[in-house]
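See below for the structure under consideration.
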Amino acid sequence: MEIAIQKLKKKLARAERVTVLTGAGISAESGVPTFRGADGMWKNYQATELATPQAFARDPELVWAFYNWRRDLISKVTFNAAHQALVDLEDQVPHFTLITQNVDGLHLLAGSRNLLELHGDLWKVRCTKCERVVLDRSPDMGTLPTCAHCGGLLRPHVVWFGESLDPDVLGSAVEAARSSEVMLVIGTSAIVQPAASLGLEAKAAGATVAEINLEATGQSGAMDYAIHGKAGDIVPRLVGEGT
Ligand code: BV8
Ligand code: ZN
C-alpha cells in the first residue's frame with residue numbers, strides 16, 4: 001500500500017485536472033452510518049428501503065422519522081481529516097471537481113467549493129405541492145412538516161431510489177470525470193448507479209483512477225490503484241499531509 005500511496009501522491013502533485021467521487025465511507029469516521037455496512041440500519045429498516053418515493057407515499061411519518069434521526073445525528077458531527085484533505089487538494093489543483101453521493105453536507109462544512117451533490121442535500125426540503133426548495137437546518141422537522149407557503153407536505157430534497165438525478169448535475173459530473181487526468185473514488189461500495197459508473201467513465205477516457213476504500217469493491221480490479229484502509233488515514237497522506 002505504501003508504494004501505491006507514494007506513486008499516486010506524485011501523480012496528484014503534477015495533475016492539472018483532478019476529479020473526486022465520494023460515498024458514505026468518507027463520512028464514516030465522522031460517525032455517520034454508511035448505507036450498507038452493519039451500521040447502515042435504522043431500527044429494523046435498511047436505509048435503502050426507506051429512501052424511496054414508494055416508502056414516502058405509503059408511510060410519510062416513518063420516512064420523516066428516519067430523516068429526522070439522520071438530521072439529529074449529523075447535526076452533532078463534523079467533517080473529518082479526509083474531508084479536510086480534499087479541501088487542501090482543491091487549493092493545490094488548477095481544475096478540481098468534487099462529486100459526492102452523500103447528502104450529509106460535510107464537504108460543504110469542510111469548505112469544499114466546486115462540489116456536485118449527486119443525490120441532493122439532507123438540509124434542504126422540497127414542497128410536494130408547490131415544489132419550493134428551502135434550506136432548513138432543524139435537527140427535527142416534526143412528524144409531517146408542511147410548506148410555509150402553501151401548506152403542502154414537505155419531503156427531503158434528496159434523490160430517492162427510482163428517482164432521476166438532476167440532469168445538469170449529472171452532466172457536469174460525467175464531464176468532470178471524462179476530462180480528469182486523475183480520479184479518486186473514495187468510500188463507496190460502487191453499487192449505486194449512475195454514480196458508480198463515473199470512475200469507469202474516467203478510466204475509459206484515459207484517466208488514472210484510484211479507489212480508496214475500507215474494503216475491496218466490484219470495481220477494485222478496474223482501478224489503476226486500489227488502496228484499502230480508512231479514508232481519514234489515506235487521503236491526508238495522498239495530499240502531502242500526515243506521515
Ligand atoms: C436513477 C440519497 C434513473 C437518499 C441515495 C442500473 C443498474 C442497477 C440499478 C440501477 C441502475 N440504474 C438505476 C438503478 C436503480 C438504483 C440503484 O443504483 N440501485 C442499486 C441499489 C443497485 N439507482 C437509482 O434509483 C438512481 N436513479 O438511476 O434514475 C432511473 C429511474 C427509474 C428507474 C431506473 C433508473 C438514484 C440513486 C440515488 C439513491 N439515493 N441517497 C439518502 O441518502 O437518504 S443513494 C445512497 O447510496 C447514498 O447517497 C450513498 O452515498 C449511496 C451509495 O452508497 P455508498 O456511498 O457507496 O455507501 P455504502 O454504505 O454502500 O458504502 C460505503 C463504503 O465505504 C463501503 O464500501 C465501506 O467499505 C466503505 N467505508 C466504510 N468506512 C470507511 C470506508 N471507506 C473508507 N474509510 C472508511 N472509514
Ligand atoms: Zn408549497
Side-chain angles (χ1 to χ4, degrees), residues 21-42 45-56 63-64 66-71 73-74 80-83 85 99-107 117-134 145-167 169-170 184-199 210-220 226-236 238:
L21 170 68
T22 62
I26 199 167
S27 297
E29 288 158 86
S30 294
V32 182
T34 60
F35 261 70
R36 285 165 195 82
D39 62 355
M41 304 288 282
W42 174 67
Y45 295 98
Q46 271 291 351
T48 44
E49 282 175 83
L50 296 170
T52 70
Q54 291 79 6
F56 188 69
V63 173
W64 263 114
F66 170 55
Y67 280 91
N68 283 327
W69 171 76
R70 286 174 72 192
R71 280 171 163 263
L73 184 148
I74 294 169
N80 63 53
H83 296 103
I99 306 162
T100 188
Q101 300 173 81
N102 302 339
V103 298
D104 57 31
L106 293 184
H107 284 304
E117 294 179 310
L118 285 184
H119 298 156
D121 178 350
L122 183 76
W123 302 112
K124 286 181 185 160
V125 289
R126 186 170 80 234
C127 177
T128 55
K129 237 165 107 189
C130 73
E131 302 274 301
R132 255 177 181 73
V133 175
V134 171
T146 51
C147 172
H149 182 77
C150 79
L153 177 62
L154 296 176
R155 58 161 281 176
H157 186 51
V158 299
V159 180
W160 280 329
F161 289 98
E163 294 185 323
S164 299
L165 280 66
D166 176 317
V169 173
L170 181 57
L184 306 181
V185 179
I186 304 172
T188 180
S189 59
I191 293 169
V192 171
Q193 295 293 353
S197 62
L198 292 170
E211 168 184 86
I212 292 106
N213 203 59
L214 198 59
E215 59 206 356
T217 71
Q219 286 189 357
S220 300
I227 304 171
H228 296 146
K230 288 188 169 185
D233 296 342
I234 296 166
V235 184
L238 287 174

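Keep in mind the model is a prediction, meaning the values are calculated, not measured. Numbers for residues simply follow the sequence, beginning at 1. When a ligand or atom number is given, it counts from 1 through the structure's own listing order.
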To the nearest 0.5 Å, atom NE2 of H83 lies from atom OG of S27 at 3.5 Å

For this session: Check whether any side-chain heavy atom of N102 lies under 4.5 Å from a side-chain heavy atom of T22, and answer yes or no.
Result: yes

Value for CD (Q101) from CD1 (I26), rounded to nearest 0.5 Å, stands at 11.5 Å

Here the atoms of ligand 1 under 4.0 Å from any heavy atom belonging to K230 are 78 (N)

Near G187 (heavy-atom distance under 4.0 Å), the atoms of ligand 1 are 63 (C), 64 (C), 65 (O), 76 (N)

If you compare Q193, H119, E215, E117 by their heavy atoms, the one closest to atom 41 (N) of ligand 1 turns out to be H119

Between the CD1 atom in I74 and the CG atom in L106, the distance rounded to the nearest 0.5 Å is 6.5 Å

Closest heavy-atom approach to atom 32 (C) of ligand 1 among P156, G162, A51 is made by G162

Can a non-hydrogen atom of G229 be found less than 4.0 Å from any atom of ligand 1?
yes

Problem set entry | Side chain to side chain, W123 and H157, heavy atoms closer than 4.5 Å | no

Atoms of ligand 1 under 4.0 Å from any heavy atom of E29, numbered from 1 in the order shown, are 78 (N), 79 (C), 80 (N)

Are H119 and L165 packed together at the side-chain level, in the sense that at least one heavy-atom pair is separated by less than 4.5 angstrom? yes

Min over V235, T188, V192, T52 of heavy-atom distance to atom 47 (O) of ligand 1 lands on V192

Filtering G232, A231, G25 for the heavy atom nearest atom 65 (O) of ligand 1 leaves G25

The atoms of ligand 1 lying under 4.0 Å from a heavy atom of A24, numbered in the order shown, are 51 (O), 55 (P), 56 (O), 58 (O)

CD1 of I212 to CG of L184, rounded to nearest 0.5 Å, is 4.5 Å

Closest to atom 4 (C) of ligand 1 (heavy atoms only, candidates N213, D121, V159) is V159

Quick note on ligand 1: atoms under 4.0 Å from a heavy atom of R70 include exactly 42 (C), 43 (O), 44 (O)

Specify whether W69 and F66 have parallel, tilted or perpendicular ring planes, treating 30° as the upper limit for parallel and 60° as the lower limit for perpendicular.
parallel

Of all heavy-atom pairs linking G120 and V103, the shortest is O-CG1, 3.4 Å

The SG(C127)-the Zn ion (ligand 2)-SG(C130) angle, to 10°, is 110°

Distance col, row L50:CG vs F56:CZ, nearest 0.5 angstrom, shows 12.0 Å

Logged contact type for L214 with ligand 1, heavy-atom cut-off 4.0 Å, is both

In this structure, does ligand 1 have an atom that sits under 4.0 Å from one of the heavy atoms of N102?
yes

The atoms of ligand 1 lying under 4.0 Å from a heavy atom of Y67, numbered in the order shown, are 4 (C), 42 (C), 44 (O)

Atoms of ligand 1 under 4.0 Å from any heavy atom of E163, numbered from 1 in the order shown, are 1 (C), 26 (C), 27 (N), 29 (O), 36 (C)

Min heavy-atom dist T48 to ligand 1 below 4.0 Å
no

ang(SG C147, the Zn ion (ligand 2), SG C150) rounded to 10° is 110°

Heavy-atom closest pair (A231 atom, P236 atom, distance to 0.1 Å) is O-CD, 3.5 Å

Note: A28, heavy atoms under 4.0 Å from ligand 1, region reported as side chain

Distance col, row D233:CG vs I227:CD1, nearest 0.5 angstrom, shows 12.5 Å

P194 heavy atoms within 4.0 Å reach ligand 1 at atoms 28 (O)

